[in-house]
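All remarks here apply to the structure that follows.
Just so we're on the same page: letters track the sequence lines, and every chain starts at 1.
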Protein chains: 2
Amino acid sequence: MSHAVIPALEAVFTVGDVARDADVAPSAVRFYEKTGVITAQRDGGNQRRFDESAPCRIKVAKLAQRVGLTVREIADLFADLPPDPRSQDWGRVAAELVAEAERRTAELRACLAEMQSGGRLCESVDRIPEPPTSPGCRGDHVRSSG
Amino acid sequence: MSHAVIPALEAVFTVGDVARDADVAPSAVRFYEKTGVITAQRDGGNQRRFDESAPCRIKVAKLAQRVGLTVREIADLFADLPPDPRSQDWGRVAAELVAEAERRTAELRACLAEMQSGGRLCESVDRIPEPPTSPGCRGDHVRSSG
DNA sequence: ACTTGACCTCAACATATGTTCAACCGGCAG
DNA sequence: CTGCCGGTTGAACATATGTTGAGGTCAAGT
C-alpha cells in the first residue's frame with residue numbers, strides 16, 4: 001500500500017502571510033525565524049515557507065514576552081513542540097508558560113514579603129544587622145547552556 | 001517654635017554602598033539613577049548621595065523586571081513613593097506590582113485559552129473563518145504618555 | 001518586454017539595559 | 001608629598017529586540 005508520502009508538513013505560508021496572521025511586521029517574522037521561535041523551509045525561489053503553526057507561535061511568543069520571558073527562553077520552550085503541533089501539544093506549552101508566569105509572580109510576592117517582614121529590609125532606618133537575603137531572592141537566575 | 005529643619009532625608013549612601021547593598025554593579029546604580037528608578041543628591045565634592053530606599057528600590061526593580069515590567073514602568077510606579085517611604089508605602093507598591101504581574105498572567109492565560117478554544121486558532125488546519133481575536137489578545141499595550 | 005509587488009540578503013539604525021574604559025578629581029595613609 | 005581608593009564624566013562597547021533601506025531576484029500581469 002503506497003500511502004502518499006507525508007507532505008513535509010505543508011509549509012505554504014509566506015513571510016507576508018505569517019506577518020498578517022500574527023499581526024507583526026515582516027521583519028519580525030524573519031527575526032523570529034533567525035532566533036528559532038519559528039522555522040521555515042525554502043521553496044524553489046529561495047523564499048521562506050512556513051507551516052500553519054508559525055503565526056500561532058509568534059502570538060504565543062508575544063504573550064510570553066509580556067510576562068518576562070526572553071525570546072531565547074521562548075524558543076527553548078517551543079523546541080519541544082513537534083512539527084505540526086496538535087491541540088494537546090499547544091495545551092502543554094500553554095500550561096508550561098502559565099506555570100512559569102506563576103512561578104515568577106510567586107517569587108515576586110515571596111521576595112517582596114521577605115523584604116517587608118521581620119528585619120524590614122526596606123525602611124531599615126536603623127542598624128538591625130540585616131538578616132541575609134534568602135537564596136532565591138537574589139538576582140541570580142541561570143543564564144543558560146547555549 | 002523652631003522645629004529642626006527636616007534633614008533633607010539623610011542621603012548618605014555612596015554609589016558603592018548602594019551597589020553592595022543591592023548586589024548590582026556601580027554602573028547599574030548610575031544607570032538606575034539616570035532612568036529615575038532611584039534619585040540622588042550631590043555632596044560637596046559632586047558625589048551622589050542616596051537615601052536608604054535606594055538599594056530597596058533596586059532590588060524591587062530587579063524583581064519587577066523578572067515579571068516583564070520595563071525600567072520605565074518601574075520608575076513610573078516608584079514615582080508615587082514619597083521620599084523616605086514607610087512600610088505602608090512599600091506595601092502599596094508591592095501590592096501594585098503583584099497585581100500587575102497577576103494581570104499579565106491572567107491575560108496570558110485568557111489569550112492562550114481563547115486561542116485554543118472553539119475555532120482552534122492554533123492548529124486551524126482548515127478554513128474555519130478565523131473568529132477574530134478578541135481585543136486584549138492583540139499585541140497592543142499602550143506605550144506611554146511621555 | 002516592462003512593470004509591479006513580494007520576496008531575498010546584508011548592513012545600518014534604533015531602543016532598552018547595562019558594562020567597561022580613559023581621564024580626571026579629592027581625601028586620607030604613609 | 002605621594003600614592004591609592006573611590007568617586008566623577010563621557011564615550012564606546014555589548015546584548016536583546018526589532019525596523020529600515022539599498023540592491024537584487026522572481027513570477028505574474030499588461
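Candidate nucleotides dG7(D), dT19(C), dT9(C) were compared by shortest atom distance to the side chain of R48(A), and dT9(C) ranks first. For A28(A), the side-chain atoms get nearest to dG18(D) when compared with the rest of dT9(C), dT9(D), dG18(D). When distances run from any side-chain atom of R30(A) to the nucleotides dT8(D), dT19(C), dC7(C), the shortest one goes to dC7(C).
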Every protein N/O lying under 3.5 Å from an N/O of nucleotides 11-17 of chain D:
{"unit_1": "dT17(D)", "atom_1": "OP1", "unit_2": "V71(A)", "atom_2": "N", "d": "3.1"}

Practice task
Check the pair R109(A) / E114(A) against salt bridge (charged side-chain N to carboxylate O under 4.0 Å, His left out), numbers first and verdict last.
Solution key: CA-CA 9 Å; R109(A) 193 198 306 277; E114(A) 179 177 316; over 6 Å; no
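Side-chain contact between H141(B) and E107(B): present, with at least one pair of heavy atoms (C-beta onward) separated by less than 4.5 Å.
Across the interface with DNA chain C, nearest-nucleotide mapping of V29(B) and N46(A) shows N46(A) to be the residue nearer the 5′ end. When the nearest nucleotides of DNA chain D are assigned to Q47(A) and S27(A) by heavy-atom distance, the more 5′-ward of the two goes with S27(A).
Counting any heavy atom pair closer than 4.0 Å across all strands shown, R49(B) reaches no nucleic acid atom. Among the heavy atoms of the strands, none lies under 4.0 Å from G45(A).
As rounded to whole Å, 14 Å separates atom P of dC7(C) from atom CZ of F13(A). The interatomic distance linking D43(B) (CG) with dT8(D) (C1') rounds to 11 Å, in whole Å. The distance between atom CZ of R20(A) and atom P of dC7(C), rounded to the nearest whole Å, is 9 Å.
For the pairing with V29(B), the side chain to side chain contact (heavy atoms under 4.5 Å, CB included) check across D17(B), V37(B), D21(B), V15(B) returns one residue only, V15(B).
Of the possible polar contacts, one joining the T14(A) side chain to the G16(A) backbone as a donor-acceptor pair under 3.5 Å is found.
Within the structure, every side-chain polar atom (N or O) of R42(A) is placed at least 4.0 Å from both OP1 and OP2 of dC26(D). Considering only side-chain N and O atoms, T14(B) lies under 4.0 angstrom from the phosphate OP1 or OP2 of dG7(D).
Classification of R104(A) and E73(A) as a salt-bridged pair holds, one side-chain N sitting under 4.0 Å from a carboxylate O. By the 4.0 Å N-to-carboxylate-O rule, E100(B) lies close enough to R103(B) to be salt-bridged with it.
Taking every heavy atom of both residues into account, R57(B) and F78(B) meet most closely at O-CE1, 3.3 Å.
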